[in-house]
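Okay, structure first, notes after.
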Amino acid sequence: MRFPAIVGSSLFAAVILAGCSSSGASVAPVTQAPVTQAPVSHAPVSQAPVSQAPASQAPASGATIEAKAVGSIGTVLVAGSNGMTVYTFTQDTKDSGKSACIGGCAATWPPLTVAAGATPTAGTGATGTLGTITRDDGTLQVTYNGLPIYFFKNDKAPGDANGVYQNWQAVKP
């Protein structure tokens with residue numbers, strides 16, 4: 001009589017094991033998309049909009065720096081390529097060849113840069129000395145009287161001067 005009990009128990013165990021080992025391995029989730037299907041949110045390359053940096057963050061190919069009257073702060077320097085106010089950082093050391101504004105600082109205060117081989121030009125009212133330094137990332141940042149100059153990310157239009165903060169000043173000619 002023991003034989004039917006052993007066979008029955010073995011059969012029951014085999015059914016349980018078979019059910020456990022096969023239930024997750026061979027069934028694919030219903031919500032998974034086929035591999036060849038592209039996500040709906042992607043547009044064809046030919047239709048994708050061209051992303052441009054705001055004018056205050058765009059590097060200048062051969063920056064012209066000129067003096068302009070800007071709001072209540074008076075006559076300051078602006079980049080002729082976009083008319084945006086430029087600033088200096090009091091933590092920079094004159095003629096050091098280095099910028100103290102890197103990382104997150106440079107995201108808020110984008111450096112005024114020129115393309116490799118280009119030189120900045122003094123326009124109307126810019127009487128100081130223009131030059132360049134090589135930043136840690138290899139770009140050429142414009143300097144005025146030996147200090148690196150920057151834009152401010154929250155200046156959105158020519159004539160804005162929102163970047164006058166502690167340690168930051170608009171550049172006087």
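We count residues from 1, following the sequence as given.
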Could you check if a side-chain atom of [X] sits within less than 4.5 angstrom of a side-chain atom of [Y], using non-hydrogen atoms only?
{"X": "T90", "Y": "Q169", "value": "yes"}
{"X": "P173", "Y": "T75", "value": "yes"}
{"X": "P111", "Y": "R135", "value": "yes"}

Would you say [X]'s side chain and [Y]'s backbone share a donor-acceptor pair under 3.5 angstrom?
{"X": "Y150", "Y": "V86", "answer": "no"}
{"X": "T132", "Y": "L140", "answer": "no"}
{"X": "D92", "Y": "A100", "answer": "yes"}
{"X": "N162", "Y": "N154", "answer": "yes"}

List the atom of [X], the atom of [Y], and the distance in Å for their closest heavy-atom pair.
{"X": "I73", "Y": "K172", "value": "O-NZ, 2.7 Å"}
{"X": "Y144", "Y": "I149", "value": "CB-CG2, 4.0 Å"}
{"X": "D155", "Y": "G163", "value": "OD1-N, 4.0 Å"}
{"X": "L130", "Y": "A122", "value": "CD1-N, 3.3 Å"}
{"X": "P148", "Y": "I133", "value": "CG-CD1, 3.7 Å"}
{"X": "I65", "Y": "A79", "value": "CD1-CA, 4.1 Å"}

Are Y165 and Y87 an aromatic pair by the rule of ring centers under 6.0 Å?
no
Please list, chain by chain and in numerical order, all residues satisfying salt bridge (Lys or Arg N to Asp or Glu O under 4.0 Å) with D136, sequence neighbours excluded.
K98
Would a hydrophobic clustering, with Ile, Leu, Val, Met, Phe, Trp and Tyr connected at side-chain separations under 4.5 Å, put [X] with [Y]?
{"X": "V142", "Y": "V171", "answer": "yes"}
{"X": "M84", "Y": "V78", "answer": "no"}
{"X": "L112", "Y": "V114", "answer": "yes"}

In sequence, state the C-alpha distance, the side-chain angles, and the governing distance for Q91 and C101, and then conclude on side chain to side chain contact (heavy atoms under 4.5 Å, CB included).
CA-CA 8 Å; Q91 302 301 310; C101 183; over 6 Å; no
If you measure from NZ on K153 to OG1 on T108, what distance do you get to the nearest 0.5 Å?
4.5 Å
Quick one: pull up OG in S99 and CZ in F89 and give me the separation to the nearest 0.5 Å.
8.0 Å
Side chain to side chain contact (heavy atoms under 4.5 Å, CB included) for F152 and T85? Distances and angles first, verdict last.
CA-CA 8 Å; F152 179 57; T85 304; over 6 Å; no
What verdict does the ring pair (Phe, Tyr, Trp, His ring centres under 6.0 Å) test give for F151 and W109, after you've listed the backbone C-alpha separation in whole Å, the side-chain angles of each residue and the deciding distance to 0.1 Å?
CA-CA 5 Å; F151 293 114; W109 303 92; over 10 Å; no
